[in-house]
> 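Just dropping this structure here.
Throughout, protein chains are lettered first and strands after them, A, B, ... in sequence-line order, and every chain is numbered starting at 1.
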Amino acid sequence: MIPYGGKALVPYVTGGITADWTSYVLAYEAAGADAIEIGLPFSDPMLDGVTIQQASDRALARGATVDGILADLSEIKVGVPLIAMTYANLVFRAGPAVFCRRLAGAGITGLIVPDLPVDEAAAVSAAAADAGVALILLAAPVTPDDRLAEIGARSRGFVYAVSLMGTTGERDTLDASASRLATRVKAVTDLPVLIGFGVSTPAQAATAAESADGVVVASALMRRVLDGATPDDVRTDVAALRAALG
Amino acid sequence: MTLMAEPAAGRFGDFGGRYVPESLVPACAELAGAFREAWADKTFRDELDHLLAVYAGRPTPLTPALRLGGELGIDLWLKREDLAHTGSHKINNVLGQALLARRLGRTRLIAETGAGQHGVATATAAALLGLSATIFMGSRDIERQRLNVFRMEMLGATVVPVTSGSRTLKDATNEAMRAWVADVPHSHFLLGSVGGPHPYPWMVREFQRVIGTEARSQVPSVPDVVVACVGGGSNAAGTFAGFVDTTARLIGVEAAGGAAMTAGAPGVVHGSRSMVLQDAEGQIAEASSIAAGLDYPGIGPEHAHLGALGRAEYRTVTDAEVVAAIHRLARAEGIICALESAHAVAWVLRAAGSADLPAGSRVLLTLSGRGDKDMVTLSEGADK
Ligand SMILES: Cc1ncc(COP(=O)(O)O)c(C=O)c1O
């Protein structure tokens, strides 16, 4: 899912945030994204800061639904992997098997569920595998070594290293816990390790990539979109991140 | 049956679990271990019992409601949690968790609150034990429970208004959990009901068990029916814990606009799998109740389990029935209860004499709190 060797860039967009939201997906691809994370908005995004909360609220207020977002995606041709990010209730409400098959049907090959820790992941993990979807697990700065090994062993696609103790959201600096965690995760798995949460600037992305195989950038881009940035505008942002990562 | 000792993996049948971000898993595991140890530690239990007695005013009395019972043709006993310090059962759980937080070296309590009763109890325990308290409260609840905001601030707590979503308890809970993730080393998340990730549903039920244990020793005979209001379900869980091994029917009364058991479907919100009000896609619905403490789309997982087993039954009453019930209890018994507690009263008023509650029944009703906080809401309603 994530190319080995280079430094991967995975930008995020909340599905349905604007009527032409898939233009952002295409802009990300054109600017050099290695994969693209699509947020399936949830009413109660407990692990998200203000920016993604607002993005989710805006999408839901526009009438965004999982089916609608997946239908939108089916209408575009994207050459890089698509990864869905959503909360556990949307997965369980449909049923993990049905939900994962629906994702696969729309060309999505990865799934991130932040409120589904490894201990609760068995059913979704199996359903995802059956549908050909990689269930990407998250590791946190406080995760002890034995759990880290289990997360490394059970994750698929890559391991998502949460840079800091907190919610998603733009930050002025990259927390030192990010590189410490990435190094610890890399010691227990051969999967690529991507740092996400708070990665906001090209300089931060470059720093994160010193210890990890790439970055996920979400809030910084969604803040721009919420403030009215067009797909062309964010293409420039993503190109700058790309250039910083090499 | 009895209620589960520590539920394995936090599961009550199909419900419960620990659906939290990885960042919170170690804190939940630490808390589960600490509670398990403390609950088996006589020193901890003695200290809690001592505080419950000399500070919170336990045991609370059991009052025979002779006039109202007579009018309804039933024997009605009221378990008077409204007489506990701070005005509701919330203090039972809060003192337990605050002692545990101190044992874990935490210096700050983070809590969500709906009616403000849990927030007031948390602010109270923080003052008592020299901890700081940050209370998240929906801005809509701040408007309708202003007196409790004033109380919390007077006790030294910081009250943070929450303006997202429905601006009520659900959103305050999201915000409290976000604050917790950002401050795990110093903070204890002092959840106010029997929801949330393991160990909260188990731990909070154990801290509230004192209601049921006391009531069991106070009732003249085993009741036919034990009834309590249900928001997250903590006063009901504590009450049921004392009677689940008897022949008593257990009845939880939900707000018609927040009836997770009656109108919800299985789902995952705020850390556990339980019954949840939601749409077909899984978006959480906004509840709507005159009682801020019951204005919540979920319910604790053990209730979902007891309901699935058929051991407990759940009923709903409307806002109008609740307001009528407050007035009727006040006139008949000289007790002004909380809007939340009045849900239990309202069901008894409706059911008495019907097949659901035949004449001559012996009924234990937990009056979870007092109505002082609701005087503004009720007087505004009366003006209209
Ligand atoms: C007086 C009173 N009763 C009941 C409740 C509902 O909580 P639970 O269902 O956990 O007892 C509240 C919550 O705020 C309350 O203040």
Side-chain angles (χ1 to χ4, degrees), chain A residues 40-50 53-54 56-57 60 64-69 86-95 99 113-121 124 137-144 147-148 150-151 155 159-169 177 181 197, chain B residues 9-11 14 16-30 162-166 169-187 196-198 264-274 276-286 297-298:
Chain A
L40 303 176
F42 177 52
S43 54
D44 293 80
M46 190 250 118
L47 196 60
D48 283 304
V50 179
Q53 286 176 49
Q54 286 175 355
S56 304
D57 288 349
L60 291 172
T65 62
V66 173
D67 283 345
I69 290 166
T86 197
Y87 283 81
N89 199 49
L90 295 196
V91 181
F92 287 116
R93 181 68 162 145
F99 189 85
V113 188
D115 57 345
L116 191 71
V118 63
D119 331 75
E120 301 286 2
V124 179
L137 298 179
L138 296 88
V142 291
T143 304
R147 275 183 74 80
L148 214 53
E150 197 189 345
I151 289 166
S155 192
V159 177
Y160 192 131
V162 174
S163 74
L164 48 73
M165 291 296 290
T167 60
T168 60
S177 56
L181 175 61
F197 278 46
Chain B
R11 293 272 159 189
D14 279 345
R18 185 182 281 158
Y19 296 89
V20 293
E22 176 62 21
S23 302
L24 291 176
V25 171
C28 289
E30 179 192 26
V162 176
T163 55
S164 54
S166 52
L169 181 55
K170 161 176 93 74
D171 312 281
T173 307
N174 289 332
E175 213 50 51
M177 292 182 83
R178 289 178 187 125
W180 184 28
V181 186
D183 193 33
V184 164
H186 307 110
S187 292
H198 180 57
V268 172
V269 70
H270 296 148
S272 53
R273 178 181 154 84
S274 188
V276 184
L277 294 177
Q278 54 186 317
D279 70 11
E281 177 169 83
Q283 307 295 347
I284 307 304
E286 294 184 2

> Of the listed residues (A:Ser43, A:Pro41, A:Ala140), which shares the most heavy-atom pairs with chain B below a 4.5 Å separation?
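Of A:Ser43, A:Pro41, A:Ala140, A:Ser43 has the most heavy-atom pairs under 4.5 Å with chain B.
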> If I compare all heavy atoms of A:Asp67 with all of B:Glu281, which pair ends up nearest, and what's the gap?
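Closest approach of A:Asp67 to B:Glu281: N-OE2, 4.2 Å.
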> Can you confirm whether B:Met177 sits close enough to A:Leu47 that some side-chain heavy atom of one is under 4.5 Å from a side-chain heavy atom of the other?
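A side-chain contact is absent here, since even the closest heavy-atom pair is not under 4.5 Å.
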> Could you tell me which portion of A:Ala121 (side chain, backbone, both or neither) has an atom closer than 4.5 angstrom to a non-hydrogen atom of chain B?
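Neither part.
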> Considering only heavy atoms and a distance below 4.5 Å, find which of A:Thr65, A:Val113, A:Val118, A:Leu60 pairs most often with chain B.
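Result: the option with the highest number of such pairs is A:Thr65.
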> In terms of heavy-atom proximity below 4.5 Å to chain A, should B:Ser23 be classed as side chain, backbone, both, or neither?
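Interface part for B:Ser23: both.
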> For chain B, which of A:Val91, A:Asp48, A:Val50, A:Leu137 has the most heavy-atom pairs under 4.5 Å?
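When all of A:Val91, A:Asp48, A:Val50, A:Leu137 are compared, A:Asp48 has the most.
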> Report which part of B:Asp279 has an atom under 4.5 Å of a heavy atom belonging to chain A: side chain, backbone, both, or neither.
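For B:Asp279, the backbone is the part near chain A, not the side chain.
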> Flag the pair B:Pro266 / B:Arg273 as yes when at least one side-chain heavy-atom distance between them is below 4.5 Å, and no otherwise.
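The answer is yes, as the side chains (C-beta and beyond) meet within the 4.5 Å cut-off.
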> Quick one: of A:Ile151, A:Asp57, A:Val66, who has the most non-hydrogen atom pairs under 4.5 Å with chain B?
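Winner by heavy-atom pair count: A:Val66.
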> So do the side chains of B:His198 and B:Arg11 get within less than 4.5 Å of each other, counting heavy atoms only?
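When only atoms from C-beta onward are counted, B:Arg11 and B:His198 do not touch, as no gap falls below 4.5 Å.
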> Determine whether A:Phe99 and A:Phe92 make a side-chain contact, defined as any pair of heavy atoms from C-beta on separated by less than 4.5 Å.
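A side-chain contact is absent here, since even the closest heavy-atom pair is not under 4.5 Å.
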> For residues A:Leu148 and A:Leu181, determine if any side-chain heavy atom of one lies less than 4.5 Å from a side-chain heavy atom of the other.
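Yes, at least one pair of side-chain atoms sits under 4.5 Å.
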> What part of A:Pro45 lies closer than 4.5 angstrom to a heavy atom of chain B: side chain, backbone, both or neither?
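A:Pro45 touches chain B through backbone and side-chain heavy atoms alike.
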> Between B:Glu286 and chain A, with a heavy-atom cut-off of 4.5 Å, which part of the residue counts as in contact: side chain, backbone, both or neither?
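B:Glu286 has no heavy atom closer than 4.5 Å to chain A.
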> Looking at A:Val162, A:Asn89, A:Asp119, which makes the most heavy-atom pairs under 4.5 Å with chain B?
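The answer is A:Asn89.
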> Is it the side chain or the backbone of B:Pro21 that comes within 4.5 Å of chain A heavy atoms, both, or neither?
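Contact with chain A: backbone and side chain both.
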> Check whether any side-chain heavy atom of B:Tyr19 sits under 4.5 Å from a side-chain heavy atom of B:Pro197, and report yes or no.
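When only atoms from C-beta onward are counted, B:Pro197 and B:Tyr19 do not touch, as no gap falls below 4.5 Å.
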> Say you draw a straight line from SG of B:Cys28 to CH2 of B:Trp180; how long is it, rounded to the nearest 0.5 Å?
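B:Cys28 atom SG to B:Trp180 atom CH2 measures 4.0 Å (nearest 0.5 Å).
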> Relative to chain B, which of A:Glu120, A:Met165, A:Gln53, A:Arg147 shows the most heavy atom pairs under 4.5 Å?
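Looking at each of A:Glu120, A:Met165, A:Gln53, A:Arg147 in turn, A:Glu120 comes out on top.
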